[in-house]
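Here the structure is a predicted model, which means the values were calculated and not measured.
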Amino acid sequence: MTASSERDDRTLLLHAMLDGELDAAGAVEAEHRLAADPQAQVEYARLQVLRTVIRTHTPRESAPEALRARLVAAASADEASPLRPTPTPARHMIDRPSWRMFASAIAATVVVSVGAQTLIRSALSPDDATRAVVAGYVRGQISEKPVDVASSDRHTVKPWLANKLPVAALIVDLSAEGFPLLGGRVDVVGGNPVPTLVYKHRQHLLTVTELRPSAVDYAMTPRHITLDGYSVVFWKDSAHGYVAVSDIAPAEFDAFIEIFRKAAAKEQDRQD
């Protein structure tokens, strides 16, 4: 492979990784290649910054104003044209619609299409933060190393995470409720390190990733979705945003979420 083709291959891989287009095995392989290639790390960081800048400063797509102006002008010209006697059409002929009718139909189609695309994006597409958290869950499953610090003691997990993160993570112990803490790890969401707690229930893993509430558009009431075959629940409170992921049965997952939220609220009150 030439240097040029190798560079092209690396670029394609980084774009696919950034856009979440890799499957679980491909994501793990890409991370290994990224860790071993300093140039790829620099390029990946540049792409992350570029994406953030584009999303922050580029407005959403909308129908061009020039198109609307042309349609309105054409419709107005049709209305202003001199009236001419209109011949009576033969019975076998079908009335032809006016340009005004065509213009109105085109304008309506543009508005509906743009509005529908926006609605589909907001209603059906999980945001990047949620996708990144699910990707972290999958990587933990495949690598068979779901935690960076293995401990059921929150007093061990909390200081370990504190040394890796800019803010302290909220750690809750749910062993008494049947969801023992396995440990914690640091995931990367939107280019920022975030804490993830890993719990176990029989043979299933449940993870809860903590995010800044200002970084995600989550509601206070937990919302349930299915992403890549995994159950995902996300919500936020006054101090944190959360994304929980598991392959556990839905009823048990709901019970876990309720238990976690109550324990987190108590822990938050204790810290305050």
Side-chain angles (χ1 to χ4, degrees), residues 126-127 129-141 143-162 164-165 167-189 193-272:
D127 61 29
T130 310
R131 286 191 176 278
V133 172
V134 174
Y137 181 91
V138 175
R139 286 194 296 272
Q141 293 275 60
S143 66
E144 298 182 354
K145 188 183 177 183
V147 296
D148 295 330
V149 53
S151 177
S152 60
D153 184 0
R154 64 190 182 97
H155 298 294
T156 299
V157 177
K158 188 178 183 69
W160 188 92
L161 289 173
K164 304 292 189 296
L165 300 167
V167 295
L170 188 68
I171 314 295
V172 294
D173 182 6
L174 306 178
S175 300
E177 289 80 8
F179 300 94
L181 179 67
L182 288 185
R185 68 168 183 256
V186 175
D187 284 332
V188 178
V189 176
V194 295
T196 293
L197 302 179
V198 183
Y199 298 88
K200 188 173 184 179
H201 185 66
R202 295 195 296 272
Q203 301 303 315
H204 299 276
L205 297 181
L206 308 92
T207 65
V208 180
T209 300
E210 181 182 312
L211 306 171
R212 290 181 294 106
S214 59
V216 288
D217 187 21
Y218 294 161
M220 303 291 279
T221 302
R223 180 186 172 190
H224 299 65
I225 65 171
T226 300
L227 184 58
D228 296 337
Y230 297 97
S231 296
V232 182
V233 179
F234 48 86
W235 73 97
K236 71 177 180 180
D237 56 26
S238 58
H240 308 90
Y242 300 96
V243 181
V245 185
S246 186
D247 59 356
I248 200 171
E252 293 179 307
F253 198 28
D254 288 342
F256 169 79
I257 297 299
E258 183 176 357
I259 292 170
F260 180 91
R261 292 184 70 202
K262 290 180 179 179
K266 289 181 179 178
E267 180 65 18
Q268 185 67 43
D269 290 340
R270 189 184 68 81
Q271 291 182 4
D272 294 342

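Taking CG of L170 as the start and CZ of F260 as the end, the distance is 6.5 Å to the nearest 0.5 Å. Between the CD atom of Q268 and the NZ atom of K266 there is a distance of 14.5 Å, given to the nearest 0.5 Å. Separation of atoms NE2 (H155) and CD1 (I171) is listed at 10.5 Å; rounding is to 0.5 Å. Atom CZ of F256 sits about 8.5 Å away from atom CD1 of I248, to the nearest 0.5 Å. To the nearest 0.5 Å, atom NE2 of residue H201 and atom CD of residue Q203 are 10.5 Å apart. Once rounded to the nearest 0.5 Å, the distance linking CG of D254 with CD1 of I259 reads 11.0 Å.
Between the side chain of R261 and the backbone N or O of P222 there is no donor-acceptor pair closer than 3.5 Å. When atom types are taken as modelled, the side chain of S246 and the backbone of L205 share a donor-acceptor pair closer than 3.5 angstrom.
The shortest distance between side-chain heavy atoms of F179 and V172 does not fall below 4.5 Å. Y230 is listed as a side-chain neighbour of V138, based on a closest heavy-atom distance under 4.5 Å. Between Q141 and D247, some side-chain heavy-atom pair lies under the 4.5 Å cut-off. Contact of the L181 side chain with the V157 side chain is registered, since non-hydrogen atoms from C-beta on lie closer than 4.5 Å.
A salt bridge links E267 to R154: at least one charged side-chain nitrogen sits closer than 4.0 Å to a carboxylate oxygen.
A donor-acceptor contact closer than 3.5 angstrom is absent between the side chains of S151 and D153.
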Go through the steps for R139 and R185 under the test side-chain contact (heavy atoms from CB on, under 4.5 Å), then give the verdict. CA-CA 12 Å; R139 286 194 296 272; R185 68 168 183 256; over 6 Å; no

D187 and V133: side-chain contact (heavy atoms from CB on, under 4.5 Å), yes or no, with the steps? CA-CA 8 Å; D187 284 332; V133 172; 5.7 Å; no

Derivation of the side-chain contact (heavy atoms from CB on, under 4.5 Å) call for H224 and F253: CA-CA 10 Å; H224 299 65; F253 198 28; 5.5 Å; no

Start with the C-alpha distance between L165 and V194, add both sets of side-chain angles, then the distance that settles side-chain contact (heavy atoms from CB on, under 4.5 Å), and finish with yes or no. CA-CA 7 Å; L165 300 167; V194 295; 5.6 Å; no

Please step through salt bridge (Lys or Arg N to Asp or Glu O under 4.0 Å) for the pair K262 and E177, ending with a clear verdict. CA-CA 12 Å; K262 290 180 179 179; E177 289 80 8; over 6 Å; no

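Nearest heavy atom pair, residue V198 against residue P146, reads CG2-O, 3.5 Å.
Between F234 and Y218, the distance from one ring center to the other falls under 6.0 angstrom. Ring pair Y242/H240: centre-to-centre distance below 6.0 Å.
Applying the 6.0 Å contact sphere to NZ of K164 captures more than 12 heavy atoms from other residues, nucleotides or ligands.
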